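This structure is a prediction, so every number in the text was calculated from the model and none was measured. Just follow the structure's listing: the first ligand is 1, and inside any ligand the first atom is 1.
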Amino acid sequence: MMPTTERPTSASSVIAGADDVTGKVLAAMASTPDARLSEIMNALVRHLHAFAREVRLTEDEWERGTEFLNRIGQATNDTHNEGILCSDALGFSTLVCLLNNGQAGATETTAALLGPFWRMASPLTADGGSLVRSETPGPALFAFCRITDPRGRPIPGVEVDVWQASPVGLYENQDPTQVDMNLRGKFHTGADGRFAFRSVKPAGYPVPTEGPVGELLRAQQRHPYRPAHLHFLGFKPGYKTLVTQVFVDDDEHLESDVVFGVTRQLVGDFRPGEGPPPTGDAGAPWYRLDYDFVMEPGEAKLPKPPIK
Ligand SMILES: [Fe+2]
């Protein structure tokens with residue numbers, strides 16, 4: 001049952017005291033016609049007010065908090081999204097992801113957070129083609145992937161975006177030495193649900209730390225690193241859009257991802273390749289990844305790209 005402070009009270013918004021505020025705000029919002037907006041705002045106000053009561057928030061701290069939120073907006077632009085980074089660093093993005101995938105959190109899922117670096121118009125690439133579009137150092141990676149439904153039946157015709165950081169830990173949009181769209185590509189699964197590509201083994205990287213989120217991480221003595229990973233986005237009408245990442249199993253930060261993106265299901269088996277690589281242009285050492293994704297029936301809806 002709600003405490004007395006959390007019930008909508010009379011129509012007058014004149015406040016009698018601290019215990020009266022929450023109820024008055026809930027009353028003021030009570031006639032919101034959109035039922036979902038009403039539910040969300042009602043819970044947000046109750047939890048926000050309860051939070052201030054629990055920590056006995058001071059006026060200075062309130063000022064610092066609102067300034068922090070303002071700075072998140074100010075640090076966001078066409079090539080950087082501090083809001084998503086903040087949500088990621090608080091584990092909120094992963095929570096929302098897991099609540100909405102794998103039968104609402106009931107089973108393991110191959111879904112993971114989108115992150116701030118997806119770009120919509122990745123270049124269409126032939127099956128088995130390369131993501132390497134400009135001189136990129138590091139060992140070659142050959143990935144062999146398959147997408148099935150929850151019963152293991154292959155799903156053909158899935159449009160799959162792949163994107164990753166370079167072996168020095170930078171996405172092309174952060175790095176003037178890489179050409180536009182380097183290490184990004186769009187594939188289509190074949191009749192057997194498979195798609196394959198050549199790339200380079202990704203490296204882990206620090207999330208951007210020059211903004212307010214970096215300041216928070218330093219204050220909490222948290223390192224800013226993500227374990228190395230590949231990003232995938234699978235889209236096909238009739239299926240819930242699959243947004244995910246596959247992590248490099250020998251990365252030193254696998255157990256301490258700053259944005260909590262690693263689930264057991266998403267740790268890939270990056271095996272050192274044996275014998276000659278699948279294509280002649282790659283030298284030794286090279287790596288191989290085999291990974292199967294599951295797409296659940298549902299609504300195909302693309303997220304809003306965090307950057308242009
Ligand atoms: Fe990433």
Of all residues at least two apart in sequence or in a different chain, which pass the side chain to side chain donor-acceptor pair (under 3.5 Å) check with Asp251?
none

Total protein N/O/S atoms sitting under 2.8 Å from the Fe ion (ligand 1), waters ignored, is 4

CG on Asn81 to CZ on Phe117, rounded to 0.5 Å:
10.0 Å

With ring centroids as reference points, do Tyr205 and His229 lie under 6.0 angstrom apart?
yes

Does atom CZ (Phe92) have a neighbourhood of more than 12 heavy atoms from anything else shown, all under 6.0 Å?
no

Would Arg288 pass as a cation-pi partner of Phe144, given that its NZ or CZ must be under 6.0 Å from the six-membered ring centre and within 45 degrees of the axis?
yes

Please test Asp175 against Thr177 for side chain to side chain donor-acceptor pair (under 3.5 Å), starting from the C-alpha separation and ending with a verdict.
CA-CA 5 Å; Asp175 181 3; Thr177 72; 2.8 Å; yes

